[in-house]
Every structure is written in C-alpha cells, then in structure tokens.
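What follows is a set of notes on a single structure, which appears directly below.
Protein chains get the first letters and strands the later ones, always in sequence-line order, with residue 1 at the start of each.
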Number of protein chains: 2
Amino acid sequence: MKFAAVDVRQAASAADIVYEALRRAIIEGDLAEGENLRQEEIAQMFNVSRIPVREALSRLEQHGLITTQRYKGAVVAGLSIEEIEEIFQFRALIEAEVMRLAVPNLDRATLERAQAYRDAFDRETDPHRWGEINRMFHYSLYEASHRPYYLQNVRASLDRIDRYLRAQLSFTDGVPRAGREHEAILAACEKGDAALASLLTRDHILDAGRSLVTFLRGQRG
Amino acid sequence: MKFAAVDVRQAASAADIVYEALRRAIIEGDLAEGENLRQEEIAQMFNVSRIPVREALSRLEQHGLITTQRYKGAVVAGLSIEEIEEIFQFRALIEAEVMRLAVPNLDRATLERAQAYRDAFDRETDPHRWGEINRMFHYSLYEASHRPYYLQNVRASLDRIDRYLRAQLSFTDGVPRAGREHEAILAACEKGDAALASLLTRDHILDAGRSLVTFLRGQRG
DNA sequence: CATAGAAATATTGGATCCAATATACAATCC
DNA sequence: GGATTGTATATTGGATCCAATATTTCTATG
C-alpha cells in the first residue's frame, strides 16, 4: 500500500486525512479490488489510533468504495459489469444536464482553462495522470453550471468507476478518442451551443462506458 | 428529541442504529433545522458511548444531513431556497429516467401494489405519514427499473428535502394535487407508455418543487 | 497421514480516559 | 458603567483498554 500526499488545508481531523488518502488510493487503483484493509495496519501507516481509521472506513463504506463485515474487516469494493454499466448511464444523464446548464455561463477565462486541460490531457503520457486531468477538464466546464449538488453526485459516481476507466485508457485507444471528443465538446461550448455540448457529453460518456465494458468482458472472460 | 423505533434486522452495530434513528428524525422533521446535536446527549439517549454516536454523525455529515464544526458540535443542516430548487431539478431528472426504465418491467402485481399505496395516500389524514406513503408509492414503481445505483441516489436526494415537502403538503393543496398526479402516472404505467409516465413524473416533481419554493418564500420572507 | 476438536491468534466494535480549544462568565481596570 | 482579560466549563477528536467472535494453528486420534 502506498498513499499520495493529501491536501490538509481543509482536512481538519486525522479521520479526514485518512479518508482522503484511502479514497484516492482506491479510485486510483493503488489498492486492488478485493484487497483487505485492516484497521491496525492503516493506523500504523498514518501514525494514529484505530479510531480515526474506523471513521474513515465508515465514510468510505457510505460512498460504496469498500464493504465491511464485522470481525472480518473491510475490502475494496469491486463492481460487476452490470453495476459499471448502470453508473455510466447515470453519469451520462447527469453530466449531460450539467453541461447544458453550464454552457450559458461559460466565460473566456473558463474556456481557456478548459483548453489548457484538454491540451495537457493530449500531451500526457503517464497513465496515472490521465484520470486526474480528464476530471479537471470536465470539472472546469461543469463548475460553470453553479450546481453544487449535481457536482457532488458527479464526483461520487466518477469515484466509483475511475479505477476501471484508468485500465481502459491504458489498454485501448481510449485516450486519442477521448481527446477528439473533448475537442468537439469544447468547440460546442465556444459556439455557445448548449444542446450540442450536452449531447456530445452524453455520447462521450456512453462511448467510454461501452468501450470499458467490452474491454472488461474480454478481461474477465 | 424523540426517536422512532429502528429496524434492527440489518443494523448490526450500535452506530447503525444511532445513524438510522437520527436520519429518520431529521428527514421527518422531528429534529428542527439548526438544532444542536451534542454527542454526549445522544449517547445517553441510546445508552451507548460517544464512539458509535460520532460514527453516526460522521455518516450523516457525508450525506449532507448535518454539518459539524470542531469544538462546536453538529447542527441539523438547513437548505437555502436555491439548494432546494437544485435538488428538485436533480430529482426530476433522475426519477423521470428511472420511471422510463421501469415501465417496461412493470407487472400486474407491482401495479396493484402501487395502486394500493396511491389509495392509502389519498385516504391518509396524518401529515406525518404522507411522506412515507408517497415514498412507497414511487419506490414501488421505481424498483422495477432494476437500477440500484439510481435508486440509492433517489433516496439520498429525497432524504435532503423530505422535511420541507412535509411542511408543504400540510399547508398547501399539495396532497390532493399529488393524488391526481399519482393517478395520471399510474394510468400511463398501465398503458405501458414509458415516455408519458416519465414526463408526468418529471412534471410531478417540478410542480411540487415550485409549490414548495413559493410556500417557503412566503414563510421565510 | 488425514481429520476433528480445542486452544491461540487476529480483528473488529465499543467504553473509558486524555488532550485541545471554543465559549461563557466573572473579575478587574479605566 | 462598559470594556477587557483571565479562568472555568463544555465539547469535540483521539488514544488506550476491554469484549466478542471469526480465523488459524496445533494436537490428538482413527
């Protein structure tokens, strides 16, 4: 187990730090699906007692990232193909709507920020950074929707499937294809065409979902 | 503070029991918006230590039902009018989709169960039971969508605004209107018209949202 | 040697105690 | 009398200890 550095600026408590570190480790795939998470082990890694660890695990369970069983411990949750398909459908629905709501509020600075992320995504060669940059690209546009509750749900649903997306991006032509789709979405945004940007976002997500599912079917047999 | 009995069948731990009891108290409005929740006080009510209470509060915070501040404690979260509007929009979006996905799977037994809930809703005079029965009516149809992730999100978003809906149902013509709309939704379901059922569900939720917002504007000034 | 039962170990959930700090209130000074 | 400072209290977050039980290991027996 390895953990990334955590942004402690708004992590008031030890439980927050542990939660955020575990969350990142799970969504980035550093903790394998089905891997056992023992409270004592994690506590020693972070130099804290088991109390804040338990709080962090409890939160992760609420978000569906792990499952726990008394006396047996927690394991990183895996998703069935059906669950993955459902989450992609869900994302397509709400992110298309968020995009539609965002377009009228997009200003020059936001578009330029999104362009920068798109370029960074195309240039990036490290698979471990694709997910993060992809998120930043989409979030930078989504934020203009001024819909915090939607965005919270976008984040939660993305958290659940990010690990799988990463695998798919690494092993298929997902990156160049996503790059082209980002390009088209951004063009629609620049034209101020909310309906088109929304539709392209929906297709972008459904495409990635289909590609991932066929990839996983091959992998899982 | 009063708490309803908790279904302990799947509440393995004390933390689960406290969580479920507090959740219900909040969504049913028994705990007033802004009310202070002190760990020690809750612990004594449930005859447990503060540890499981803290875990329960942590989960509630993750779901947005309370907010906590170190050394100051937790308070029941209130929603601004804007936040309420956003959650209704969100519900309209996803519940309309769930309804659309459910209609092809509706069988006779399910429709009869939904009819029973619709009738019970119309007959019910206790405002405290409207919310629960309304939920049962909608859930009984939604479940046919076989989309657990969607349903989880339906539940989470409904949890956030149920307390306000309750007030609106009590003080406006919300109940008879909702009754008529339930009737129409059910008719569309019986005809197997997914598009119509979806549209009516969307309008049903947006109507309730608009009605609630005007009610709250009058109340809050 | 394989298997069944018993003891040892591992692991979680909860209780009690300690540390840190925000708030309330009283004492003091102008 | 009002403002300011200091202390006492309230309250949370975390550490340590205890209880309960699942898992593993060891031993005895056929």
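Note: CD (A:Gln69) to C1' (D:dT23) measures 13 Å, nearest angstrom. Spacing between atom OH of A:Tyr71 and atom C1' of D:dC18 amounts to 13 Å, rounded to whole angstrom units. In this structure, A:Arg59 atom CZ and D:dG13 atom C1' are separated by 11 Å, rounded to whole Å. Whole-Å rounding puts the B:Tyr19 OH to C:dG13 C1' distance at 19 Å. Between A:Glu40 atom CD and C:dT12 atom P there is a gap of 8 Å when expressed in whole angstrom units. Computed from coordinates, the B:Asn36 CG to C:dA24 C1' distance equals 15 Å when rounded to whole Å. With rounding to whole Å, A:Ile51 atom CD1 is found 15 Å from C:dC18 atom P. Between the CG atom of B:Leu37 and the P atom of D:dT11 there is a distance of 12 Å, given to the nearest Å.
Cation-pi check for A:Arg59 over A:Tyr19 is met; the charged atom lies under 6.0 angstrom from the ring centroid and within 45 degrees of its normal.
Ring to ring, A:Tyr149 and B:Phe90 are close: their centroids are under 6.0 angstrom apart.
Considering only side-chain N and O atoms, A:Lys72 lies nowhere under 4.0 angstrom from the phosphate OP1 or OP2 of C:dT11. Distances shorter than 4.0 Å separate some side-chain N or O of A:Arg38 from OP1 or OP2 on C:dT11.
On a pure distance criterion of 3.5 Å, no polar donor-acceptor pair joins the side chain of A:Arg54 and the base of D:dG14.
Taking the nucleotide of DNA chain C with the nearest heavy atom to each of B:Ala15 and B:Arg50, the more 5' of the two is matched to B:Ala15.
Aromatic ring pairs are classed by plane angle as parallel below 30°, tilted from 30° to 60° and perpendicular above 60°; the pair B:His138 and B:His182 is perpendicular.
Between the side chains of B:Ser211 and B:Gln168, a donor-acceptor pair is found at a separation under 3.5 Å.
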